[in-house]
Amino acid sequence: MIIRKSSAEIEIMREAGRITARALRLVGEAVKPGITTVELDAIAEATICDAGAVPAFKGYHGFPATICSSVNDEVVHGIPARSRRLLLGDIVSVDVGAIVDGYYGDSAMTFPVGEIDSETRRLLDVTAASLAAGIAKARVGMRLFDISAAVQAVAETAGFSVVREYVGHGIGREMHEEPQIPNFGPAGKGPALKEGMVFAIEPMINAGTATVRQMDDGWTVMTSDGACSAHFEHTIAVTADGPVILTVE
Ligand code: MG
Ligand code: MG
């Protein structure tokens, strides 16, 4: 069942989203050659806790940190590490969430570490554009897989591939609620979108093949061919006035 939220609930989720967005912005501003992913994690944790919110990922199924930090060919769920120092030309996908009064915000962005090569820059731009295309379909009267198909079309038209194993999700009092929101699928199918639905839409787009593998740490997901991957995510609400992004400041 897709749990629809009242406007009062969406207001709380807007606050969770605002704090999540601030954490992501401050992490992004700190990204530079030489910084470690543990230092980025500390920035996110301080930002969320100083705002009186709770880091959503820390302790989630035993995840040890506030952010997921996934570098280059790491797709999602990378664990911050003191030994992981970012280098000029890397990209780092940062995923972060915050809880306010029991409601979740969830957002992700891939940041360049200094200058990056033009093809990697294109991967980031296309992934961001695929998210925007998906969000644009999150309207009353559309179907769930209209979102999926829009994301897929942007990514594949650009020559990139869509990760199949990990998907977006409903969000509210749980970080992962129904429905699952694949980043691929047939337009015009799936549940009808209704006012009050809140989704985390999160394309994970690979420069090379779509296939991924999981590392021995039980968390980190990598591309199977070693090519780069990008990840952009917003929490959005379906409203009478169209899609509203909640994970903004
Ligand atoms: Mg996320
Ligand atoms: Mg998510």
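Numbering of ligands and ligand atoms starts at 1, following listing order. The chain is numbered in sequence order, starting from 1.
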By ring-ring contact (aromatic ring centres under 6.0 Å, His included), Tyr166 pairs with (sequence neighbours left out) His77

The atom of Asp106 among N, O or S that is nearest the Mg ion (ligand 1) is OD1

When you measure from the Mg ion (ligand 1) to each N, O or S atom of Glu233, which atom gives the shortest distance?
OE1

Rounded to the nearest 0.5 angstrom, the CE-CZ distance for Met197 and Arg4 is 6.0 Å

Atom name in Glu202, limited to N/O/S, at shortest distance from the Mg ion (ligand 2)
OE2

Any N/O/S atom of Asp95 sitting less than 2.8 Å from the Mg ion (ligand 2), backbone or side chain?
no

So, 2.8 Å as the limit: is an N/O/S atom of His169 located closer than that to the Mg ion (ligand 2)?
yes

Looking at Thr247 and His234, would you say the former's side chain and the latter's main chain have a donor-acceptor pair under 3.5 Å?
no

Are any side-chain N or O atoms of Lys58 and backbone N or O atoms of Ala56, one a donor and one an acceptor, separated by less than 3.5 Å?
no

Quick one: is the NZ or CZ of Arg173 closer than 6.0 Å to the six-membered ring centre of Tyr104, and within 45° of its axis?
no

